[in-house]
Amino acid sequence: MVELYLNAKLHNRISEDAYRSVLTLKNLDDQDLKLRSDLLRQVDNGSIRLT
């Protein structure tokens, strides 16, 4: 999750497949949950684009 999050932040984009995988992740620890919610929020507000 950390690597996916950092790549999305660095390039300001995430693939649709990676985005779908983020939505379906289960059994996340607190840090991963925070990263996931931040990533989803940034996609929703357009800071990170889906490619």
Side-chain angles (χ1 to χ4, degrees):
M1 182 67 211
V2 173
E3 185 177 329
L4 179 68
Y5 177 82
L6 292 175
N7 281 332
K9 291 286 287 179
L10 178 65
H11 301 290
N12 293 328
R13 65 178 183 258
I14 187 172
S15 72
E16 289 187 34
D17 290 337
Y19 181 74
R20 278 192 218 106
S21 74
V22 167
L23 293 175
T24 59
L25 290 174
K26 297 183 191 239
N27 300 325
L28 299 174
D29 62 18
D30 288 342
Q31 178 187 1
D32 286 340
L33 285 172
K34 288 177 185 176
L35 293 175
R36 179 170 101 171
S37 63
D38 186 52
L39 181 63
L40 296 177
R41 182 181 49 78
Q42 289 187 47
V43 169
D44 285 344
N45 73 22
S47 297
I48 295 177
R49 294 177 288 128
L50 290 177
T51 58

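Contact annotation: the side chain of D32 never approaches that of R36 to less than 4.5 Å [non-hydrogen atoms, C-beta and beyond]. At a threshold of 4.5 Å between non-hydrogen side-chain atoms, the residues K9 and Q42 count as touching. Side chains of R13 and N7 form no contact here, defined as non-hydrogen atoms less than 4.5 Å apart.
In the hydrophobic clustering of this structure, V2 groups with V22; members are Ile, Leu, Val, Met, Phe, Trp, Tyr whose side-chain heavy atoms approach within less than 4.5 Å, directly or through other members.
Taking both residues in full, the closest heavy atoms of A18 and L4 are given as CB-CD1, 3.7 Å, listed atom of the first, atom of the second, then distance.
Applying the side chain to side chain contact (heavy atoms under 4.5 Å, CB included) criterion to L23, with sequence neighbours excluded, gives Y19, L40. The salt bridge (Lys or Arg N to Asp or Glu O under 4.0 Å) test applied to D38 returns R41, not counting sequence neighbours.
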### Check against side-chain contact (heavy atoms from CB on, under 4.5 Å), I14 and L50
CA-CA 5 Å; I14 187 172; L50 290 177; 3.6 Å; yes
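Heavy atoms from other residues, nucleotides or ligands lying under 6.0 Å from CG of D29 number more than 12.
A donor and an acceptor atom, one from each side chain of D17 and S15, are nowhere located under 3.5 Å apart.
The CE atom of M1 lies 5.0 Å from the CG atom of L39; values are rounded to the nearest 0.5 Å.
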